[in-house]
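Below is one structure, written out as structure tokens; the observations come after it.
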Amino acid sequence: MIKTKKIAFLGAGSMAEAMISGMIHSNIVPAKNIVVTNRSNKERLLELENKYGVQTSKRVDLDTTDIDVFILAMKPKDAEQALSSLKPNITKDQVVLSVLAGISTAFMEDLLHEEQQVVRVMPNTSSMIQQSATAISPGQYTAMDSVILTKELLSSIGQVYVIDEKQMDIFTGIAGSGPAYFYFLMEHIEKAAKEEGLDPEVARAIGAQTIYGAARMMMERDETPTELRENVTSPNGTTAAGLKALEEHGGGTAIMRAVKGASDRSKEMSEQLEKVSNEA
Ligand SMILES: NC(=O)C1=CN([C@@H]2O[C@H](COP(=O)(O)OP(=O)(O)OC[C@H]3O[C@@H](n4cnc5c(N)ncnc54)[C@H](O)[C@@H]3O)[C@@H](O)[C@H]2O)C=CC1
Ligand SMILES: O=C(O)[C@@H]1CCC=N1
């Protein structure tokens, strides 16, 4: 079913590219059925055209009539203008997905047609290699068929979880922003390795394999993270020393604060955007 659907990206930045890459490489969505738009940066569109074989056009020149799914991928601050200018060119039965942090389905519904089909989506940049953890929350008028279509489409970029919209902020704190925490962790592993005389590039390969192995253990073994951690930790051994240093320097608290900080910011962005839109 998905092979015949036409998908339009409104926004051609890093998140749009990550999704396009995942979709094309999955072979679920043919490149000729994807059209990518932005406001004015022609070079960027040409770059995506050459890299992925997708169609491109300036947003204002997009023929919206035969598009089945729109994917909003601009910055949250540009959402209101983008939704308002989309409304006259679509019907309520076309499905509008948004990957914008802090933009609620209610916000989208308010700016589009009565009973518009909308879905809030939170992917992450691992979409690029089809390894995103992506959440979706359908709006109140979205038909079950459209939810199934959305799930099928986004399964091309990784695992898809249908969640209650109230959980979207914490999902964003864990998965939307999450890759950055692991990159930050790696930056510090490389720093420590360098100080000990190990080539940072070698350290990166070793560290990445270690993170990948630990992730697969959590996914494939029927053991909790606590059990898995305890299995690594010999009494008075090296791991115990590492974990003690981590705790002494607030490692556990820092991780919790990071997740909650991102989640709180997602909530705050929703509140600010809704306030601005109510004042307008
Ligand atoms: N970067 C990430 O890891 C993630 C980003 N997101 C969300 O994705 C969205 C985009 O993020 P990035 O790709 O990092 O931003 P970006 O700044 O790289 O790209 C934004 C794009 O939107 C275009 N644009 C602005 N207004 C437009 C309009 N009316 N019509 C068509 N195109 C328009 C810009 O020209 C640009 O191509 C944000 O809302 C963010 O919350 C969600 C999950 C993860
Ligand atoms: O930093 C941000 O706001 C976006 C949303 C999740 C990841 N990047």
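Below, each value reflects all heavy atoms present in this structure, side chains not excepted, and no hydrogens, waters or symmetry copies. In each ligand, atom 1 is the first atom listed, and ligand 1 is the first ligand listed.
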Item checked: Contact (N/O only, under 3.5 Å) between Ala101 and ligand 1 ->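 There is such a contact, yes.
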Check: Going by distance only, is there an N or O of Ser14 that falls short of 3.5 Å from an N or O of ligand 1?
Finding: yes
Closest non-hydrogen protein atom to [atom], residue and atom name please, with distance?
| atom | answer |
| --- | --- |
| atom 27 (C) of ligand 1 | Arg39 CG, 3.7 Å |
| atom 35 (O) of ligand 1 | Asn38 CB, 3.7 Å |
| atom 36 (C) of ligand 1 | Ala12 N, 3.9 Å |
| atom 30 (N) of ligand 1 | Arg59 CG, 3.7 Å |

Next item on the list: Compare Met74, Glu80, Met15 and give the one whose heavy atom is closest to atom 13 (O) of ligand 1.
Entry: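 Checking each option, the heavy atom nearest atom 13 (O) of ligand 1 is found in Met15.
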Give the atoms of ligand 1, by number and element, whose distance to some non-hydrogen atom of [X] is under 4.0 Å.
| X | answer |
| --- | --- |
| Pro123 | 43 (C), 44 (C) |
| Val99 | 6 (N), 7 (C), 8 (O), 42 (C) |
| Gly11 | 21 (C), 22 (O), 23 (C), 31 (C), 32 (N) |
| Thr125 | 2 (C), 3 (O) |
| Ala82 | 29 (N) |
| Met122 | 42 (C), 43 (C) |
| Gly13 | 13 (O), 16 (P), 18 (O), 19 (O), 21 (C), 37 (O) |

Gap between atom [atom2] of [Y] and atom [atom1] of [X] - 0.5 Å precision:
| X | Y | atom1 | atom2 | value |
| --- | --- | --- | --- | --- |
| Phe70 | Leu112 | CZ | CG | 10.0 Å |
| Ser84 | Lys87 | OG | NZ | 8.0 Å |
| Asn236 | Lys244 | CG | NZ | 10.0 Å |

Does only the side chain of [X] get under 4.0 Å from ligand 1, or the backbone, or both, or neither? Count heavy atoms.
| X | answer |
| --- | --- |
| Gln81 | side chain |
| Lys75 | both |
| Ala73 | backbone |
| Leu100 | both |

Next item on the list: Could you pull out the closest heavy-atom pair between Val35 and Ser57, with the gap in Å?
Entry: CG2-N, 4.4 Å
Item checked: Residue pair Arg120 / Ser266: nearest heavy atoms and the distance that separates them ->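 Heavy atoms of Arg120 and Ser266 come nearest at NH2-OG, 4.3 Å.
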Notebook entry, point to check: Does even one non-hydrogen atom of Asn41 get within less than 4.0 Å of ligand 1?
Noted result: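 Heavy atoms of Asn41 never come under 4.0 Å of ligand 1.
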Would [X] and [Y] pass as an ion pair if we require N to O under 4.0 Å?
| X | Y | answer |
| --- | --- | --- |
| Arg204 | Glu201 | no |
| Lys51 | Glu17 | yes |
| Glu268 | Arg265 | yes |
| Asp66 | Lys6 | yes |

Check: Would you call the rings of His25 and Tyr52 parallel, tilted or perpendicular if under 30° counts as parallel and over 60° as perpendicular?
Finding: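 If you compare the ring of His25 with that of Tyr52, the planes turn out perpendicular.
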Next item on the list: Any chance you could lay out the side chain to side chain donor-acceptor pair (under 3.5 Å) test for Asp93 and Thr91, step after step, and finish with the verdict?
Entry: CA-CA 5 Å; Asp93 297 322; Thr91 68; 4.8 Å; no
State, yes or no, whether a side-chain contact exists between [X] and [Y] at a heavy-atom distance under 4.5 Å.
| X | Y | result |
| --- | --- | --- |
| Leu86 | Arg59 | yes |
| Leu10 | Leu62 | yes |
| Leu185 | Ile211 | yes |

Checklist line | Atom-level proximity to ligand 2, residues with heavy atom under 4.0 Å | finding: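 Residue list for ligand 2: Ala101, Gly176, Ser177.
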Margin query: I'd like to check atom 23 (C) of ligand 1 in this structure: does the protein have a heavy atom lying under 4.0 Å from it?
Written below: yes
Margin query: Between Thr233 (side chain only) and Arg229 (backbone N and O only), is there a donor and an acceptor less than 3.5 Å apart?
Written below: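 Looks like yes, one N/O pair under 3.5 Å.
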Notebook entry, point to check: Counting only heavy atoms not in Glu248, do more than 12 sit closer than 6.0 Å to its CD atom?
Noted result: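 Yes - once you tally the heavy atoms of other residues, nucleotides and ligands closer than 6.0 Å, there are more than 12.
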